[in-house]
2 protein chains.
Amino acid sequence: MAARYIEIKNSIKDDILSGRYQVGEKLPSERELAPVYGVTRVTIQKSMHMLEQEGFIERIHGKGMFVANTLAENVYFLNDGPSDAFLGFSREFGSKANITSRLVSQQLITAPEHIIKALNLTRDAQVHAIRRVRLIDTVPVLVEDSWIVQAVIPVIPASVLDKGSLYEYIERLTHKKIKFYNSVIEASLFDETLASLLDVAVNSPMLKVTGTTKLDDGSLFNYSCSYNRADKFRVKNNWVGK
Amino acid sequence: MAARYIEIKNSIKDDILSGRYQVGEKLPSERELAPVYGVTRVTIQKSMHMLEQEGFIERIHGKGMFVANTLAENVYFLNDGPSDAFLGFSREFGSKANITSRLVSQQLITAPEHIIKALNLTRDAQVHAIRRVRLIDTVPVLVEDSWIVQAVIPVIPASVLDKGSLYEYIERLTHKKIKFYNSVIEASLFDETLASLLDVAVNSPMLKVTGTTKLDDGSLFNYSCSYNRADKFRVKNNWVGK
DNA sequence: TAGTGGTCTAGACCACCTG
DNA sequence: AGGTGGTCTAGACCACTAG
């Protein structure tokens, strides 16, 4: 049972995506929307601020709220999609494109130095080291490396890695929500290994996203690094001034 | 006069940056902080949610709020810094490094097709086309192209472009706040022209940020594109799950 | 002046975590 | 059980925009 303001946000987002509100159209005011949904203005405001941050509407003080003109191109936005956060590839794009995975390698290893540091592990901690290729409509678009702490997730079936969502598996297994994807975005180039996995030229541009994931009890359990084809992926920003 | 929750956010951020709160330390609870600042819990919550999104603290339901371990490296974060938004280079980094600018070119031209489209201009609109190189401690790190609508900003003194902050000039001139920097991040490669301006190798990796800027009355007035050395810049993300 | 979003209060109940 | 953050109410005043 999601919070009311999430439900309202999604309801209005659907109204926008389905065209019931046209681009540029003025939305009803907060004071009009509140009684429609049976909540107070503060709750409506929380919904609308989220919609603004997600880029669907624009709020202008003294004028009102307006449907933003959302750009539609032939690229994918890493932080777009139906969910409320950036929590993994399958979950983001599963609904709008035909996503498949190919498991490249899976090993249980002693955590390497940079993983120990990133996840605050002890020196002999064991981690699942996983490399997968993700494809959209049979076209390989990114490589994702994951290092998952074995103490938290004992086993990971290959079937999950080969087509399912790793994050959904983990949430089902632990009965906890995945909470953080505190990540860093940078640009780099594809080396020989990665380029061959994606069938692109060596030294072609890459959008690299690294980050850690926690369960909602605060336990760090995953460090991941995704190597995305720069011609396929962008990141949308909605840093709102003020 | 900033809003109270902004003041409180900055006050606590200062406490973190100055080390009065140690990394990992538990912060006072919302119910403790509220009377300290003479506000209600809702106001404290707004401050703390901002601090969370900016990556300074972590909130854990039922446990408390904790100072996040902020990574310090030899790179700059495009969305780091003291301000509340990503509103231009000078403003972000001016306080922590020696920033200079070099004006490469400035012309008043008829808006090219992609600018007309991005800014919803009429076909014969005039724009200032500006290219600047930015340097940190005399090292060139990025090229920024700006297209600014002449109807909104009639003249732009070369002195502003050569060392001042263009955005501050515009806010002073218009007596309005700059409101949106709705941007898109992608990876690309430096071509000959840009590489020579930054003294890097052709085809070295680039973090490209494009976006538009509005005044707070909603008027689009600027399209900009910055070409950032990938070895110098990252973008921090704080997509918080839930 | 009327309507809009922006901020804030005082209080309530819920969900979660720890002892 | 007691403390924490998460959500929500009902109402107020302010700042901004428009006719």
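The sequence lines fix the lettering, A, B, ..., with proteins before strands; numbering per chain opens at 1. For clarity, every value in this text was computed on a predicted model and none was experimentally measured.
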Gap between atoms [atom1] and [atom2], on [X] and [N] respectively (whole Å):
X	N	atom1	atom2	answer
A:E7	D:dT7	CD	P	12 Å
A:H49	C:dC8	NE2	C1'	14 Å
A:I8	D:dT7	CD1	P	13 Å
B:K177	C:dG6	NZ	C1'	15 Å
B:I6	C:dC8	CD1	C1'	14 Å
A:L33	D:dT9	CG	P	14 Å
B:M50	C:dG6	CE	P	13 Å

Please determine, for the side chain of [X], which listed nucleotide ([options]) has the closest atom?
X	options	result
B:T40	C:dA10, D:dG6, C:dG6	C:dA10
A:S29	C:dG5, D:dT7, D:dT17	C:dG5
B:D217	C:dC8, D:dT17, D:dT4	D:dT17
B:E30	D:dT7, D:dT4, D:dG5	D:dG5
B:E32	D:dT4, C:dT4, C:dG5	D:dT4

key: Carboxylate-amine/guanidinium contact A:R41 A:E32, below 4.0 Å   = no
message = Categorize B:M48 for me: base, sugar-phosphate, or nothing, with a 4.0 angstrom heavy-atom threshold over every strand shown.
response = nothing
Mate of D:dG19 where both pairing distances stay under 3.5 Å, Watson-Crick or G-U = none
message = Please check if the number of heavy atoms outside B:K26 that lie under 6.0 Å from its NZ is greater than 12.
response = yes
Pairs: protein N or O with nucleotides 11-15 of chain C N or O, under 3.5 Å:
{"unit_1": "C:dA15", "atom_1": "N3", "unit_2": "B:H61", "atom_2": "NE2", "d": "2.8"}

